[in-house]
Amino acid sequence: MASNFTHAIVRRPSHSVCDGLTTSDLGKPDYELALKQHDDYIEALKQAGVEVTVLPALEDHPDCVFVEDTAVITPSGAIMDRPADPTRTAEAGLMLPTIREFFPDEKIKQITEPGTLEGGDVMMVGDHYYVGHSKRTNDEGYRQFAGFLTEWGYTSEQVPVTNILHLKTGGTYVEDGHLLVSGEFKAAPQYRRGQFSDVFEVPDEEAYGADCVRMNDKVIMAAGYPTVKGQLEKWGYDIIEVEMSEFRKIDGSITCLSLRF
Ligand code: GLY
């Protein structure tokens, strides 16, 4: 799917973005700067060749800009998530009308209570899905999700997430057999080395750069992570860097800002 994206969905940051959930001590996001960085992100998606649907901000949901947590889009259909934090749970339902513009009802599944699942915890590697077992994605959410995947002919497995927010906060599959991993995932037995042609262990000081978006012939990455950038260049990718300082302040990584299909 990495080389065949046509669409992305994003949602504008709300003024309340400064109250987004966070575990960091980087301070509060600046709304105007967040808007500018979001503009640049949209431009990067367009440069990568996709049509971008831009949804309006939801002031009641400070984290609404992180649309990746509202749904998982597979080549066979969409699975609507159930975000775990009470300030975020409704975001999936608010995304559903937009998903319905692109997918017929029979291709839309739904994670239901007491399951919780956020798209940031889902990493697709071909037909296999790694799913973080995190503070945001519970066993029941995984059980439901894995069932939908099985119906569509995909496999999955859980990966414990202990020290960070989501599975993909700690690394992304760039496609072509190339995996970036940081922190606790460097030793994750689930990432069986034989199935990847190359696994790059991101140094701790650049851990934030381990999350990036592969889209068609581009890789969109956070600006300021030269070691990660160097590795991506070594792998032969054409890179677009986007400043992410304001979203980083509220634990948001670069994949979090879009749904891609
Ligand atoms: N601030 C991103 C999240 O906690 O969901």
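Indexing begins at 1, ligand by ligand and atom by atom, following the structure's order.
Of the protein's non-hydrogen atoms, Arg88 NH1, 2.7 Å is the one closest to atom 5 (O) of ligand 1. Protein heavy atom nearest atom 4 (O) of ligand 1, with residue, atom name and distance: Arg136 NH2, 2.7 Å.
Counting heavy-atom neighbours within 6.0 Å of Lys107 NZ, excluding the residue itself, gives a total of 12 or less.
Below 4.0 Å from some heavy atom of Phe66 lie the following atoms of ligand 1, by number and element: 1 (N), 2 (C). Of all the atoms in ligand 1, the ones that sit under 4.0 Å from a non-hydrogen atom of Ile250 are 1 (N), 2 (C). Near Asp63, meaning under 4.0 Å from one of its heavy atoms, ligand 1 places the atoms 1 (N), 2 (C), 3 (C).
In this structure, Glu118 falls outside the shell of residues with a heavy atom less than 4.0 angstrom from ligand 1. Heavy atoms of Thr22 stay at 4.0 angstrom or farther from ligand 1.
A donor atom on one side chain and an acceptor atom on the other are found under 3.5 Å apart for Ser76 and Tyr154.
Between Asp121 and the options Thr169, Thr116, Thr137, a side-chain hydrogen bond (donor to acceptor under 3.5 Å, both in side chains) holds for only Thr137.
With hydrogens and angles ignored, the 3.5 Å screen pairs no side-chain donor or acceptor of Arg11 with any backbone N or O of Asp63. The backbone N or O of Tyr130 lies less than 3.5 Å from no partner atom in the side chain of Gln190, so there is not a single donor-acceptor pair.
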Validation: residues 45-57 side-chain donor-acceptor distances under 3.5 Å, sequence neighbours left out:
none

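Ligand 1 has no N or O atom lying under 3.5 Å from any N or O atom of Gly20, backbone or side chain. Of the polar atoms of His166, none of the N or O atoms is found under 3.5 Å from an N or O of ligand 1, judged by distance alone.
Between Val67 and Ser258, the shortest heavy-atom contact is CG2-CA, 3.5 Å.
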